[in-house]
Enquirer: 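Got a structure for you, written out below as structure tokens; questions coming shortly.
Throughout, protein chains are lettered first and strands after them, A, B, ... in sequence-line order, and every chain is numbered starting at 1. Note that these values count all heavy atoms, side chains included, but never hydrogens, waters or copies made by symmetry.
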Amino acid sequence: MTEFEQRWKVTMARAAELPKTPIPDLPPYFAARVLARSREMKSDVWMDLLASLGLRALGVAGCICVLSGSLALAQMYEFRMDRPIIEQSFTRELPWP
Amino acid sequence: MQDAFDVQACISAFLSGDASKAASLISHLHPLVRKLVRNHLPRRESEEDLIQEVFIKIFQRMDSYEARPGTPFEHWVSRLTVRTCLDALRAERARPEVRFSDLSEGETVWIEFLMSRQPEAPAHQAADAKAIVTLLLSQLSPPDRLVITLLDLEQRSTQEISQMTGWTRAMVKMRAMRARAKLRNTARRLMKNEFTES
């Protein structure tokens, strides 16, 4: 552990000594409000996922698309090796079984 | 002696249509949720709003919760709360600009202590220590801030953090190490500001 990390721990420990603010009561009708809102807002897993991943997910998806596109293009224009001439001549001369 | 609250029975009753159990569940979970939200609250977000958002998510996803032996419902709630806070922290794009001249006298003493300019930790200045910790944490990225708060402030184990965040233990350790290095750099930058400002 570095000196900074030791000193950071001391600072954090001192910060934790601060008396905790008491937990206030919930506002009236909080449960009713939460229930009503949870029913009206349908949980959309995909939207939550997008929100949590954010733009990074779009960036990564874009990179993957570009990468796979360039790989597909590279394969399309790949130099295709023909059979060697000698092999071609042998195969022509071989008797048909 | 107060009877232990039966969470499972309450969840089952709620899922079978007894909406009145929602209030009991909220009262039971409120201290846990508030404590987590307080520790991971973005600067401009209201504590009450974020707590409400957490509870809305809890009730929306209640039917997807599966009770497992040895894993209490509170673990599931903690995980959901931490994720909601992380999303809220991510949504907060701008980080406050920190200048040495903005620090109070007590905060200056703590930053000097952190940068080894003071041999001993200042005595009886918990509020200033808290202020400087909050200030430095606000300069970190949301995941770094989350991991340092959970590890150093809430004193949670890497195993617990791993369960709460879904990151591996190795990832938690690595992130904490990098986050502390960033904290040191931020503190160093603040000290450099002192010279350029004076």
Side-chain angles (χ1 to χ4, degrees), chain A residues 1-69 71, chain B residues 19-20 22-27 30-31 34-35 38 47-48 51-62 64 83-84 86-87 90-91 110-111 113-116 118 121-134 136 148-149 151-155 177 180-181 183-184 187-188:
Chain A
M1 194 183 275
T2 63
E3 194 183 350
F4 175 82
E5 284 174 351
Q6 284 171 353
R7 285 170 181 255
W8 173 252
K9 289 229 179 246
V10 171
T11 313
M12 287 293 254
R14 188 62 60 81
E17 284 172 11
L18 204 66
K20 301 273 182 285
T21 319
I23 292 176
D25 289 335
L26 282 167
Y29 308 113
F30 181 81
R33 204 163 54 238
V34 164
L35 263 190
R37 294 222 27 213
S38 67
R39 280 172 186 160
E40 77 186 31
M41 290 164 56
K42 288 261 177 200
S43 174
D44 196 336
V45 178
W46 286 108
M47 283 306 287
D48 285 350
L49 193 67
L50 194 68
S52 62
L53 297 177
L55 285 175
R56 284 178 304 165
L58 288 176
V60 171
C63 285
I64 291 170
C65 281
V66 169
L67 196 68
S68 49
L71 277 174
Chain B
S20 66
S24 318
L25 262 178
I26 288 176
S27 313
H30 174 223
R34 186 172 288 269
K35 193 178 154 204
R38 249 181 209 172
E47 193 174 296
E48 300 299 330
I51 288 172
Q52 183 170 306
E53 199 182 322
V54 170
F55 277 113
I56 289 171
K57 283 190 179 175
I58 290 172
F59 285 109
Q60 280 176 337
R61 296 173 191 188
M62 188 84 84
S64 68
R83 283 187 176 183
T84 309
L86 189 59
D87 289 345
R90 279 181 173 142
W110 274 105
I111 201 88
F113 166 71
L114 275 172
M115 294 316 291
S116 312
Q118 298 262 352
H124 312 300
Q125 288 184 326
D128 291 325
K130 176 81 178 167
I132 209 73
V133 161
T134 310
L136 290 176
I148 290 290
T149 308
L151 203 62
D152 292 346
L153 195 67
E154 293 181 22
Q155 302 281 317
M177 201 179 74
R180 288 196 195 106
L183 284 169
R184 191 183 62 231
R188 191 179 289 158

Enquirer: Do B:Ser116 and A:Glu3 have side-chain N/O donor and acceptor atoms under 3.5 Å apart?
Expert: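 A pair is found: one side chain offers a donor N or O, the other an acceptor, under 3.5 Å apart.
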
Enquirer: Take the angle between the ring planes of B:Phe113 and B:Trp110 and call it parallel below 30°, perpendicular above 60°, tilted in between.
Expert: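 Ring orientation, 0 to 90° scale: perpendicular.
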
Enquirer: Out of A:Val10, A:Thr2, A:Leu26, which one racks up the most heavy-atom pairs below 4.5 Å with chain B?
Expert: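 The answer is A:Leu26.
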
Enquirer: Using a cut-off of under 4.5 Å on heavy-atom pairs, state which of A:Ala15, A:Ala32, A:Pro27 scores highest against chain B.
Expert: A:Ala15

Enquirer: Below 4.5 Å from any heavy atom of chain A, which atoms of B:Ala19 appear? Answer side chain, backbone, both or neither.
Expert: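 When you check distances to chain A, atoms from both the backbone and side chain of B:Ala19 fall under 4.5 Å.
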
Enquirer: CD of B:Gln60 to CD1 of B:Ile58: how many Å apart, nearest 0.5 Å?
Expert: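 So the CD of B:Gln60 and the CD1 of B:Ile58 are separated by 11.0 Å.
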
Enquirer: Closest approach of A:Thr11 and B:Leu114, non-hydrogen atoms and distance?
Expert: OG1-CD2, 3.5 Å

Enquirer: Using a cut-off of under 4.5 Å for heavy-atom pairs, which of B:Asp128, B:Leu153, B:Asp152 has the most such pairs with chain A?
Expert: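 The residue among B:Asp128, B:Leu153, B:Asp152 with the greatest pair count is B:Asp152.
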
Enquirer: Considering only heavy atoms, which portion of A:Ile23 lies under 4.5 Å from any heavy atom of chain B: side chain, backbone, both, or neither?
Expert: both

Enquirer: What are the two closest non-hydrogen atoms of A:Pro24 and B:His30, and how far apart are they?
Expert: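 So the minimum-distance heavy-atom pair works out to O-CE1, 3.1 Å.
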
Enquirer: Is B:Arg34 in contact with chain A via its backbone, its side chain, both, or neither, using a 4.5 Å heavy-atom distance?
Expert: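 When you check distances to chain A, only side chain atoms of B:Arg34 fall under 4.5 Å.
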
Enquirer: Taking side chain as everything from C-beta outward and backbone as N, CA, C, O, which of these in B:Leu86 sits under 4.5 Å from a heavy atom of chain A? Side chain, backbone, both or neither.
Expert: neither

Enquirer: Measure distances from B:Arg38 to the heavy atoms of chain A and classify the residue's part below 4.5 Å as side chain, backbone, both or neither.
Expert: side chain

Enquirer: Among A:Arg7, A:Gln6, A:Lys20, single out the residue with the greatest number of heavy-atom pairs under 4.5 Å to chain B.
Expert: A:Arg7

Enquirer: Can you find a heavy atom in the side chain of B:Val133 that is under 4.5 Å from one in the side chain of A:Trp8?
Expert: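 Heavy-atom side-chain distance check passes, below 4.5 Å.
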
Enquirer: Measure B:Ile148 against the heavy atoms of chain A and call it side chain, backbone, both or neither at under 4.5 Å.
Expert: both

Enquirer: If every non-hydrogen atom of B:Ala187 is compared with every non-hydrogen atom of B:Ile111, which pair is closest and at what distance?
Expert: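 Answer, listing the atom of B:Ala187 first, then B:Ile111: CB-CD1, 4.0 Å.
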
